[in-house]
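Every chain is numbered from 1, with letters handed out A, B, ... down the list of sequences. Since this is a predicted model, take the numbers as computed values, not measurements.
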2 protein chains.
Amino acid sequence: MAFGLFTSRGFDATTVDEIAAAAGIGRRTFFRYFPSKNDVPWGAFEDELDRMRVRLKACPPQVPLMDAIRLALIDFNRVAPAQVPLHRRRMELILRVPTLLAHSTLRFTAWRAVVAEFVAERTGRRPDDLAPQAIAHAVLGVSVAAYEHWLDDPDADLGTLLDDAMRELAASFGSTLG
Amino acid sequence: MAFGLFTSRGFDATTVDEIAAAAGIGRRTFFRYFPSKNDVPWGAFEDELDRMRVRLKACPPQVPLMDAIRLALIDFNRVAPAQVPLHRRRMELILRVPTLLAHSTLRFTAWRAVVAEFVAERTGRRPDDLAPQAIAHAVLGVSVAAYEHWLDDPDADLGTLLDDAMRELAASFGSTLG
DNA sequence: CCTTCAGTGGCACTTGGTGCCACTAATGCG
DNA sequence: CGCATTAGTGGCACCAAGTGCCACTGAAGG
């Protein structure tokens with residue numbers, strides 16, 4: 001798999017020719033499966049988004065908005081213990097390799113849309129209104145911060161970090177009267 | 001200037017050769033002034049960051065943390081009325097052209113660091129602790145959301161949008177008890 | 001058996017980006 | 001003034017990502 005090449009040789013130093021050769025396909029065929037080399041670590045992310053959508057919708061309406069988002073966030077990012085190492089390697093690529101970090105922005109747009117849609121539905125606004133967009137952007141930011149800390153600490157639990165990060169943000173507004 | 005080419009021909013369709021020719025320099029020389037074509041719309045962003053740093057530091061300690069950030073944010077993004085059109089064109093490129101949006105992530109890292117540093121100093125933590133990082137990420141997200149709305153609405157005031165977006169985020173945590 | 005069509009991949013081309021090196025002009029020094 | 005050094009410039013060759021075009025192959029279907 002291409003992940004092996006990325007971790008051993010480094011992402012930038014691995015050429016598409018090498019990936020294609022390792023996969024036993026032609027270079028031209030590679031680009032029919034992946035729109036770009038940057039998309040390889042992402043896999044079928046769009047499908048994952050449906051999980052997040054469902055998880056958000058499953059939350060009972062009496063749970064406060066940001067609690068609902070926080071809990072869904074933690075659940076969405078839960079991975080089976082056996083797959084933690086792979087998830088770590090994947091996120092390490094996505095968040096630490098500058099080329100991929102930049103590219104990830106485009107993928108995150110779709111993720112934010114899911115959150116914004118949920119907020120809009122809950123608060124009776126349109127998904128592209130300021131509040132849903134601002135909240136979606138903020139939640140994504142908090143998630144990335146949690147992920148970065150998770151990558152820094154081999155023993156850390158991702159769910160705990162996501163929970164902490166969301167609570168820290170909430171607490172930071174504590175002394176604000178508006 | 002290169003901006004003219006970008007807005008008339010489109011960013012992706014404008015080649016480096018064309019930019020260099022329009023600027024009356026060689027292609028090789030272009031790459032000595034700009035690390036990449038993507039950096040052209042950014043200009044001297046690092047210098048701008050110092051303005052933000054100073055503005056944050058100038059805020060009296062009795063102002064609550066997120067209020068201080070919000071006010072600095074509004075001030076930092078204030079532009080002279082005469083330069084609004086140019087700022088609009090620039091931000092339109094940066095936030096709407098996918099290539100540039102992706103690239104901007106790398107520039108935003110430096111911006112976040114400024115906020116995280118301020119939060120760390122205020123709360124007695126290290127800049128790379130979870131809370132400062134989470135807050136910095138969130139504030140950046142809120143800013144981008146505000147900018148996107150600003151670009152959508154030709155008559156909108158950027159400062160007002162930034163203020164609103166920050167308040168909306170704060171309010172969204174209102175019903176959370178932790 | 002022959003036709004059709006989807007999947008494959010070779011080839012050539014464009015473009016961003018880099019290393020190398022030659023050229024030029026300004027500066028500094030005897 | 002003449003010469004050496006040096007910074008700035010840019011031409012040239014090269015690499016790698018990505019795309020359009022087209023020929024090939026093999027399976028399905030009449």
Tell me: CG of B:D17 to P of C:dG17, nearest whole Å? 12 Å

Of B:E148, B:M166, B:H149, which is the lone residue that meets side-chain contact (heavy atoms from CB on, under 4.5 Å) with B:L161? B:H149

In whole Å, what is the span from the CG atom of A:D12 to the C1' atom of D:dA16? 11 Å

Minimum-distance nucleotide (side-chain atoms of B:R28 versus D:dA17, C:dG17, D:dC12): D:dC12

Atom pair distance, as rounded to whole Å: OH in A:Y33 and P in D:dG18: 18 Å

Would you call B:R51-B:E48 a salt bridge at under 4.0 Å N-O? yes

Rounded to whole Å, the CZ-P distance (A:F34 to D:dG18) equals 12 Å

Students often mix this up, so state it plainly: with edges at 30° and 60°, are the rings of B:W150 and B:H87 parallel, tilted or perpendicular? tilted

Run the salt-bridge test on B:K37 and B:D12 with the 4.0 Å N-O cut-off and return the result as yes or no. no

Nearest listed nucleotide, side chain of B:T29, among C:dG17, D:dT9, D:dA17: D:dT9

Nucleotide nearest B:F31 (side chain, heavy atoms from C-beta), chosen from D:dA16, D:dG18, C:dG16: C:dG16

Side-chain contact check for A:R32: nearest option of D:dT9, C:dT8, C:dG10 is C:dT8

For B:S36 and C:dG16, is the shortest distance between a side-chain N/O and OP1 or OP2 below 4.0 Å? no

Rounded interatomic separation in angstrom, taking CD1 from A:I19 and C1' from D:dA16: 11 Å

